[in-house]
Undergrad: 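Sharing a structure here in structure tokens format.
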Amino acid sequence: CTSLSAAVIQKTKGNPFFVLEFMQSLVGRGLLRYNFLMKRWVWNEAAIRPEQCMDNVLYLLSSKMAALSENVRTLLKVMACFGTCTNEFVFDNLSKSTEYSDIQDSLKTAIRDGFVVVDEEGNFKFVHDKIRETAYNLIPDNEKRQFHYNLGIILNSNCDENVLDVGDSIFIIASQINYGEECIQKNRDMCIKVVKLNMKAGKRALDGFNHKTAYSFLKTSLSLLPDDHWESYYQLSLQLSLLTARAAYSCSNFCATDSLLQSIFDNALSTKDKLPAYSLLGSMLQTQGKVEDAVNLYSSILTQLGETIPASVTAETSTAMIAETLNMCEETFDEAWIETKMEESLRFIPQFYCEMTLSAYFCKPRPYVSFIACKVVQLCLRNGMCKYAPLSFLNFTVFANNKDSVQRVYRIGKDAISLLERFKIRNRISDCYYPYYGGVAFPVEPFQQCADKLMEAFSSGLSNGNPNVGIYCMTQANYFYTFCGKNLRSLLGEIDCYLNFLKSYKNEFGKNYLLSTRETVSTLIDKGQETCIEAKASYGDLENPLNKQREMFFFHEAIRCFWLGYTDRFKRFASKCLDMFGHLPQFNTYQIKFYHGLYLVKIQKKKKSKETLRLAIAGVSEAASISEWNFLNKLELLEAELYSFEEKNELALASYDASIASARNSRFIHEQGLACEKAGFHCKKVKDKGRALKYFQQARECYEEWGSSMKVDVTQKELDCLNT
């Protein structure tokens with residue numbers, strides 16, 4: 001029996017239906033029979049082995065289907081039009097028609113005869129796709145499109161009065177009707193009905209974040225409009241063109257998006273009708289990293305809407321505007337204001353201001369950007385709540401933030417975030433999380449949480465068809481993760497995936513930021529010896545003060561030099577960083593000040609003044625008073641280094657141990673390793689070999705967990721030196 005079972009398994013791949021059909025075909029042709037004398041089954045193995053199972057089964061299926069009743073064959077043809085699986089909605093609605101009134105009885109027969117099964121979700125499936133193929137071939141090729149079309153028309157007619165309640169079944173209806181393009185085009189009224197049906201299907205797909213499906217239905221809908229549709233069906237053409245452009249943009253099909261938007265600009269009758277298209281164009285420019293073009297677009301539109309946009313803003317004007325806006329927030333941002341709704345005619349203005357703020361951040365001087373951020377907040381405070389008000393407050397807090405107002409600004413940001421939940425503004429998560437978790441919350445909330453929230457915003461942006469801000473959230477999150485103690489090799493793999501993802505968006509800004517972070521991670525792993533790639537970040541003119549990417553260059557260079565131990569080069573790059581943004585309470589400022597403080601300890605050995613170091617410690621101490629999670633271990637390590645320099649050995653050891661414990665509690669494995677390493681050098685200096693070995697071993701273990709082979713090698717050399 002083994003030889004027969006092996007042959008059957010080989011030819012049927014173990015499919016139960018095919019096994020049964022193949023065995024029955026062998027019996028029918030005498031290749032497998034029961035020998036009554038021998039009282040067992042016998043078979044002709046030599047004849048069975050050359051058998052082509054699929055050909056035989058398809059032939060048998062065709063023969064079996066030909067013997068079925070006309071009604072059951074019709075049922076199988078209908079199911080074949082919907083693929084391998086058909087849901088109950090189809091049968092319930094078809095059974096309401098005269099043509100398919102007995103389809104439910106035919107379905108029971110098909111199940112009984114083994115052609116169809118019911119799956120766990122209650123859908124009806126062919127037991128194998130070959131059955132579906134055979135059933136579909138029962139429909140002549142020249143009649144297939146008409147057959148699909150008729151099914152769609154019947155389904156639509158039976159639920160036409162309540163089409164919005166059919167849920168995802170609208171995709172089934174529209175897909176079937178779309179087969180009959182020739183029939184549709186012959187009747188103008190029918191054509192418009194199908195246009196609206198496809199548009200509803202497209203809108204539902206967009207609402208479900210299924211952008212490719214949405215684009216397919218909307219593109220079909222647009223193609224069915226008559227040549228004079230802008231004149232004959234203006235509102236329908238305007239709405240459909242914008243929806244299709246949004247779907248194309250969400251699929252990163254920028255050529256199609258641009259073409260559709262141009263059609264709107266050419267045919268829309270008023271500036272008001274063009275505003276949503278201008279907004280989408282600005283988003284597309286941002287996504288592609290064309291931020292200066294986006295700023296110019298927003299400035300032009302806001303001017304058309306009656307706003308005055310200055311060509312430049314002085315630092316003094318910006319500072320005064322921030323102070324004025326902060327006072328307005330504290331006086332006006334209350335429950336009474338929240339209940340006041342902005343007039344509909346004004347609501348596009350905050351939207352364009354908010355979008356302009358994001359683009360301007362990457363290409364305009366800080367006073368200019370902060371002035372724009374203040375203008376939109378004041379506009380909202382004077383005119384009432386709208387869906388862009390939370391984002392306007394959050395953008396403002398980024399620029400209002402300074403060392404004297406961290407808590408004050410954080411409260412405004414927290415209140416703005418709460419408005420998202422209160423008014424269920426879920427499609428603005430990526431817009432709002434970027435300034436909040438990337439620019440305001442990190443001095444207070446755990447670094448890891450901020451990074452995770454930014455990644456959540458990235459996912460939300462992609463799902464909502466809003467990839468432009470989502471991309472910035474993703475690049476910022478990976479930048480944060482580098483300083484959160486995340487495993488470096490894991491992080492490097494994720495960054496490479498995101499770099500590949502960015503290729504479809506052609507976003508040079510996002511690519512540059514990600515490449516900078518990647519180079520730092522690669523350096524930390526193995527000095528880039530095996531983990532580097534050919535692609536490098538492009539930083540532009542490093543002497544141009546308007547070039548925002550130069551901050552990124554000097555910061556990453558400083559970080560790499562610190563961990564590599566290049567003291568002189570670190571001093572040069574850290575000084576540049578402190579000159580450019582040392583006065584601002586942003587993420588890279590805190591990192592640089594911490595590492596710079598550790599550097600200052602070394603130079604104190606040459607210069608007897610400790611005042612500069614004490615100022616650095618005071619700055620970190622102030623940060624630790626706001627968030628112990630983020631900064632306490634850093635403060636304790638700086639204090640330990642100062643005690644070590646002052647030869648207060650007991651205090652130094654206590655502070656090193658405190659820093660190690662705090663870093664462990666905050667899951668900063670890299671800074672736990674750093675504290676252990678510094679403690680090891682202290683003990684080596686005071687000739688406490690036993691403790692030095694212990695600390696260097698702990699440092700090695702931390703760096704190994706972090707994924708830094710480079711630092712593992714450094715600590716191993718110290719261990720080898722002490723052991724010899």
Side-chain angles (χ1 to χ4, degrees), residues 211-212 214-215 241-265 274-302 351-364 369 395 427-428 430-431 434-435 438 454 457-479 495 497-518 535-541 546-549 552:
H211 304 122
K212 288 187 177 179
Y215 182 55
S241 296
L242 184 62
L243 281 171
T244 311
R246 282 177 178 161
Y249 165 68
S250 299
C251 297
S252 66
N253 188 341
F254 298 137
C255 288
T257 307
D258 191 59
S259 176
L260 288 159
L261 292 177
Q262 193 57 54
S263 175
I264 295 172
F265 298 144
K274 295 178 184 179
L275 291 178
Y278 281 127
S279 175
L280 183 57
L281 176 58
S283 295
M284 185 171 72
L285 292 171
Q286 285 180 359
T287 301
Q288 295 174 302
K290 301 176 181 178
V291 288
E292 289 195 39
D293 291 342
V295 169
N296 292 334
L297 172 70
Y298 294 134
S299 179
S300 172
I301 301 306
L302 285 166
Q351 177 180 346
F352 284 111
Y353 266 128
C354 286
E355 291 170 355
M356 183 179 179
T357 303
L358 176 64
S359 296
Y361 178 79
F362 294 101
C363 64
K364 292 291 185 181
V369 189
N395 285 339
N427 63 337
R428 301 256 68 90
S430 56
D431 292 331
Y434 181 62
L454 287 166
F458 169 59
S459 298
S460 174
L462 294 186
S463 298
N464 290 328
N466 184 23
N468 58 317
V469 186
I471 287 171
Y472 296 129
C473 290
M474 176 268 290
T475 57
Q476 185 80 342
N478 282 283
Y479 166 58
I495 289 173
C497 288
Y498 293 130
L499 282 169
N500 188 55
F501 161 81
L502 283 179
K503 289 178 182 177
S504 61
Y505 290 97
K506 300 177 182 177
N507 186 319
E508 290 302 314
F509 262 86
K511 177 183 172 184
N512 270 334
Y513 273 84
L514 213 51
L515 282 172
S516 294
T517 301
R518 191 199 186 284
K536 302 295 179 186
S538 175
Y539 298 101
D541 182 4
L546 296 180
N547 177 13
K548 293 295 178 74
Q549 296 190 82
M552 178 174 62

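Along the sequence shown, residues carry numbers from 1. Excluded from the calculations below are hydrogen atoms, water molecules and symmetry mates; all remaining heavy atoms, backbone and side chain alike, are included.
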Undergrad: If you count heavy atoms of other groups shown closer than 6.0 angstrom to NZ of Lys536, is the number above 12?
TA: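 It does: Lys536 NZ has more than 12 such atoms within range.
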Undergrad: Evaluate Leu499 against Leu515 for side chain to side chain contact (heavy atoms under 4.5 Å, CB included), listing each step before the verdict.
TA: CA-CA 8 Å; Leu499 282 169; Leu515 282 172; 3.8 Å; yes
Undergrad: Please report the shortest heavy-atom distance between Cys354 and Asn395, naming the atom on each side.
TA: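 Scanning both residues completely, I find the closest heavy atoms to be O-ND2, 3.8 Å.
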Undergrad: Looking at every non-hydrogen atom in both residues, tell me the closest pair between Thr357 and Val369 and how far apart they are.
TA: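 Shortest heavy-atom separation between Thr357 and Val369 comes out as O-CG1, 3.7 Å.
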Undergrad: Going by heavy atoms in the side chains, are Pro276 and Arg246 under 4.5 Å from each other?
TA: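 Side chain of Pro276 against side chain of Arg246, heavy atoms only: contact under 4.5 Å found.
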Undergrad: Quick one: NZ on Lys274 to CG on Leu242, what's the gap to the nearest 0.5 Å?
TA: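 The CG atom of Leu242 is 14.0 Å from NZ of Lys274, to the nearest 0.5 Å.
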Undergrad: Mind running side chain to side chain contact (heavy atoms under 4.5 Å, CB included) on Val295 and Cys363 for me, showing each step along the way?
TA: CA-CA 9 Å; Val295 169; Cys363 64; 3.8 Å; yes
Undergrad: Could you please spell out the steps behind the ring-ring contact (aromatic ring centres under 6.0 Å, His included) verdict for Phe501 and Phe458?
TA: CA-CA 12 Å; Phe501 161 81; Phe458 169 59; 5.6 Å; yes
Undergrad: If you look at every heavy atom in Leu260 and Ser241, which pair is closest and at what distance?
TA: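 That would be CB-O, 4.2 Å.
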Undergrad: Working to the nearest 0.5 Å, report the span between CG of Leu462 and OG of Ser430.
TA: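 Here the rounded value is 8.5 Å.
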Undergrad: Is there a side-chain contact between Leu261 and Tyr249, using heavy atoms and a 4.5 Å cut-off?
TA: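 They are not in contact (no side-chain heavy atoms under 4.5 Å apart), so the answer is no.
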Undergrad: Under the 3.5 angstrom rule, does the side chain of Thr257 hit a backbone N or O of Asn253 as a donor-acceptor pair?
TA: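 Answer holds: yes.
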Undergrad: CG/Asn500 to CD1/Ile495 distance, rounded to the nearest 0.5 angstrom?
TA: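 The CG atom of Asn500 sits 14.0 Å away from the CD1 atom of Ile495.
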Undergrad: For the atom pair NZ (Lys364) and OG (Ser359), what is the distance rounded to the nearest 0.5 Å?
TA: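 Result: 11.0 Å between the selected atoms.
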Undergrad: Looking only at non-hydrogen atoms, find the nearest pair between Pro435 and Asp431 and report the distance.
TA: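 Shortest heavy-atom separation between Pro435 and Asp431 comes out as CD-O, 2.8 Å.
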Undergrad: How many angstroms lie between OG in Ser259 and CZ in Phe254, if you round to the nearest 0.5 Å?
TA: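 Going from OG on Ser259 over to CZ on Phe254, the span is 15.0 Å.
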Undergrad: Identify, with sequence neighbours excluded, every residue that meets side-chain contact (heavy atoms from CB on, under 4.5 Å) alongside Asn296.
TA: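 Listed in chain order: nothing, the list is empty.
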Undergrad: Below 3.5 Å, can you tabulate the donor-acceptor pairs from side chains in residues 471-479 to any protein atom, sequence neighbours excluded?
TA:
from, atom 1, to, atom 2, distance (Å)
Tyr472, OH, Gln286, O, 3.2
Thr475, OG1, Ile471, O, 3.4
Thr475, OG1, Tyr472, O, 2.9
Gln476, NE2, Gly438, O, 3.2
Asn478, ND2, Met474, O, 2.9

Undergrad: Please name all residues satisfying side-chain contact (heavy atoms from CB on, under 4.5 Å) with Ser250, sequence neighbours left out, ordered by chain then number.
TA: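 Residues passing side-chain contact (heavy atoms from CB on, under 4.5 Å) with Ser250: His211.
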Undergrad: State, to 0.1 Å, how close Gly289 and Phe509 come at their nearest heavy-atom pair, and which atoms those are.
TA: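 Answer, listing the atom of Gly289 first, then Phe509: O-CD1, 3.3 Å.
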Undergrad: When the ring planes of Phe352 and Tyr298 are compared, do they come out parallel, tilted or perpendicular, using 30° and 60° as the limits?
TA: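 Tilted: the ring planes of Phe352 and Tyr298 meet at 30° to 60°.
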Undergrad: For the atom pair NZ (Lys511) and NZ (Lys503), what is the distance rounded to the nearest 0.5 Å?
TA: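 Nearest 0.5 Å value for the NZ-NZ distance: 8.5 Å.
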Undergrad: Measure across Leu514 and Tyr498 and return the closest heavy-atom pair with its distance rounded to 0.1 Å.
TA: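 Minimum heavy-atom separation between Leu514 and Tyr498: CD2-CB, 3.6 Å.
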Undergrad: One pair to check against side chain to side chain contact (heavy atoms under 4.5 Å, CB included): Met284 and Leu281. What are the steps and the verdict?
TA: CA-CA 5 Å; Met284 185 171 72; Leu281 176 58; 3.9 Å; yes
